[in-house]
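Every chain is numbered from 1, with letters handed out A, B, ... down the list of sequences.
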2 protein chains.
Amino acid sequence: MKAETIQRSLEDSGLRCTAQRYAVMAFLMEHKGHPTAAEIFEGVNRLDPRSSRATTYNNLRDLVKAGLVSEVAVEGRAGRFDAKGTRHHHFICDRCGSVEDMDWYNVPKPASRSLGKRVVRECQLIFRGLCTKCAARRASR
Amino acid sequence: MKAETIQRSLEDSGLRCTAQRYAVMAFLMEHKGHPTAAEIFEGVNRLDPRSSRATTYNNLRDLVKAGLVSEVAVEGRAGRFDAKGTRHHHFICDRCGSVEDMDWYNVPKPASRSLGKRVVRECQLIFRGLCTKCAARRASR
DNA sequence: ATATTAGATTAGATATATTCTAATTATTCG
DNA sequence: CGAATAATTAGAATATATCTAATCTAATAT
């Protein structure tokens, strides 16, 4: 039944439901820990069909463009991906670069005067600091 | 007089005011367009002392850690840097990856319940969409 | 059903971005 | 001064992401 859900959301976005694309989507829905492209590539290939690195990147790009997946860029590290489920913000750890979900809450839009002729598609709130693990590690020194 | 300002802010952060480090800081204050590390490297070397790529990256890292400079990660592209002047948010163009400043306004903090044991150092608001140039370009098609 | 076309995928090469290494130089401090 | 620490260097190495050109697949038209 999740299978049909994925298939439908792909097709609704005008994307064919290929084995490789489906696998990326399914992997993201089962691994909520914001995996990198390399982890996704490894993960989907560990299971079944041989998928190439290029295809994994292509599909991630397509899924992001279609709005089914979001990407979180992390300074100096691989980007991380996330199946868009319920709305949420993100937390990025300064030390280990891990990305975690944060409860969503509404953020006021910028004044239209400050927008100029820009077209704003979305607005992301990103918290930075130390994750639980890294905070504990620092405290114990 | 800007020279002393830079020197003081470096020393206040426990960083020696070396020629290379100063140059990075000065370059960032004169170029508000959010340059990449490569552009900064090129820029400071075009002027005067030979500085190496590694040093440029090292200094950028130190300056970010000291809170004098901020870095904006952009998906699939080089990170961009910004001397922290007055507070502001950022806008990232989906198409060309350019980063622009947006007027600052206060953003409500998350509920402490949702923070857990995380330590939040800062909170960034990032707008995404099409910059003025790219929006115009798209409209004309 | 075949042919045509557009959409996807592939392996590997390439490009881009960043960090590491080990040696060297500069600065601070006792 | 001399020792210890901080900073810099060139270039190699790594990590990350995209490109290429050939091939395969699926949808549509004939």
Side-chain angles (χ1 to χ4, degrees), chain A residues 6-7 10-25 27 34-45 47-66 68-69 71-81 94-99, chain B residues 6-7 10-25 27 34-45 47-66 68-69 71-81 92 94-97 99:
Chain A
I6 293 179
Q7 178 172 9
L10 290 176
E11 287 169 354
D12 286 354
S13 303
L15 296 171
R16 280 190 201 156
C17 182
T18 66
Q20 293 87 343
R21 192 170 281 151
Y22 178 91
V24 166
M25 202 62 203
F27 185 87
H34 305 86
T36 62
E39 288 164 351
I40 296 165
F41 170 62
E42 233 205 295
V44 302
N45 277 321
L47 298 178
D48 189 29
R50 301 274 106 194
S51 178
S52 76
R53 182 191 345 282
T55 298
T56 304
Y57 276 98
N58 287 343
N59 282 330
L60 284 169
R61 180 174 21 70
D62 294 344
L63 292 169
V64 169
K65 202 179 292 178
L68 298 174
V69 166
E71 174 172 6
V72 183
V74 184
E75 325 74 62
R77 308 197 193 223
R80 290 171 170 279
F81 297 86
D94 289 334
R95 256 190 98 268
C96 68
S98 68
V99 174
Chain B
I6 292 179
Q7 179 171 9
L10 289 175
E11 288 168 353
D12 286 354
S13 305
L15 296 171
R16 282 191 201 153
C17 183
T18 64
Q20 293 86 343
R21 194 170 280 150
Y22 178 92
V24 167
M25 201 62 204
F27 185 88
H34 306 84
T36 63
E39 287 163 353
I40 296 165
F41 170 64
E42 234 206 295
V44 302
N45 278 321
L47 299 175
D48 190 26
R50 300 274 106 193
S51 178
S52 76
R53 182 191 346 278
T55 297
T56 303
Y57 275 98
N58 287 343
N59 282 330
L60 284 169
R61 182 173 21 70
D62 295 344
L63 292 168
V64 168
K65 203 179 292 180
L68 298 173
V69 166
E71 175 172 5
V72 184
V74 185
E75 326 73 64
R77 309 199 193 221
R80 290 171 170 279
F81 296 87
I92 303 180
D94 288 335
R95 256 190 100 269
C96 68
V99 174

query: Within the structure, does a side-chain N or O atom of A:Thr18 lie under 4.0 Å from either OP1 or OP2 of C:dG7?
result: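 No, A:Thr18 has no side-chain N/O under 4.0 Å of OP1/OP2 on C:dG7.
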- prompt: Distance check: side-chain N/O of A:Thr55 vs OP1/OP2 of C:dT10, anything under 4.0 Å?
  reply: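 Answer yes for this pair, as a side-chain N or O of A:Thr55 is under 4.0 Å from OP1 or OP2.
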message: If the condition is ring pair (Phe, Tyr, Trp, His ring centres under 6.0 Å), which residues does B:Tyr22 pass it with, not counting sequence neighbours?
response: none
- line: Whole-Å distance, A:Leu63 CG to C:dT9 C1', equals 15 Å
query: Between A:Arg50 (CZ) and C:dA11 (C1'), how many Å, whole number?
result: 13 Å
field: Interatomic distance, A:Phe81 atom CZ to A:Met25 atom CE [nearest 0.5 angstrom]
entry: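 It comes to 12.5 Å.
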field: Interatomic distance, B:Ile92 atom CD1 to B:Arg77 atom CZ [nearest 0.5 angstrom]
entry: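 Reported value, rounded in 0.5 Å steps: 10.0 Å.
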query: With sequence neighbours left out, which residue pairs that include part of residues 50-60 of chain B fulfil the salt bridge (Lys or Arg N to Asp or Glu O under 4.0 Å) condition?
result: none
task: Tell me, please, which residues at least two apart from A:Ser52 pass side chain to side chain donor-acceptor pair (under 3.5 Å).
output: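 Here the qualifying residues are A:Thr55.
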- prompt: Reading nucleotides 17-30 of chain C 5' to 3', which nucleotides get B (base under 4.0 Å from a protein heavy atom), which S (sugar-phosphate only), which -?
  reply: SBBB------B---
query: Where does the chain A footprint on DNA chain D start and end, counting 5' to 3' with a 4.0 Å heavy-atom cut-off?
result: D:dT16 to D:dA26
- request: Kindly indicate whether the side chain of A:Glu11, heavy atoms from C-beta on, has any atom under 4.5 Å from the side chain of A:Cys17.
  value: yes
- request: Quick one: do B:Leu60 and B:Glu71 satisfy side chain to side chain contact (heavy atoms under 4.5 Å, CB included)? Show the steps, please.
  value: CA-CA 9 Å; B:Leu60 284 169; B:Glu71 175 172 5; over 6 Å; no
- prompt: With sequence neighbours excluded, what pairs up with A:Asp62 under the side-chain contact (heavy atoms from CB on, under 4.5 Å) test?
  reply: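 Result, side-chain contact (heavy atoms from CB on, under 4.5 Å) vs A:Asp62: A:Leu15, A:Arg21, A:Asn59.
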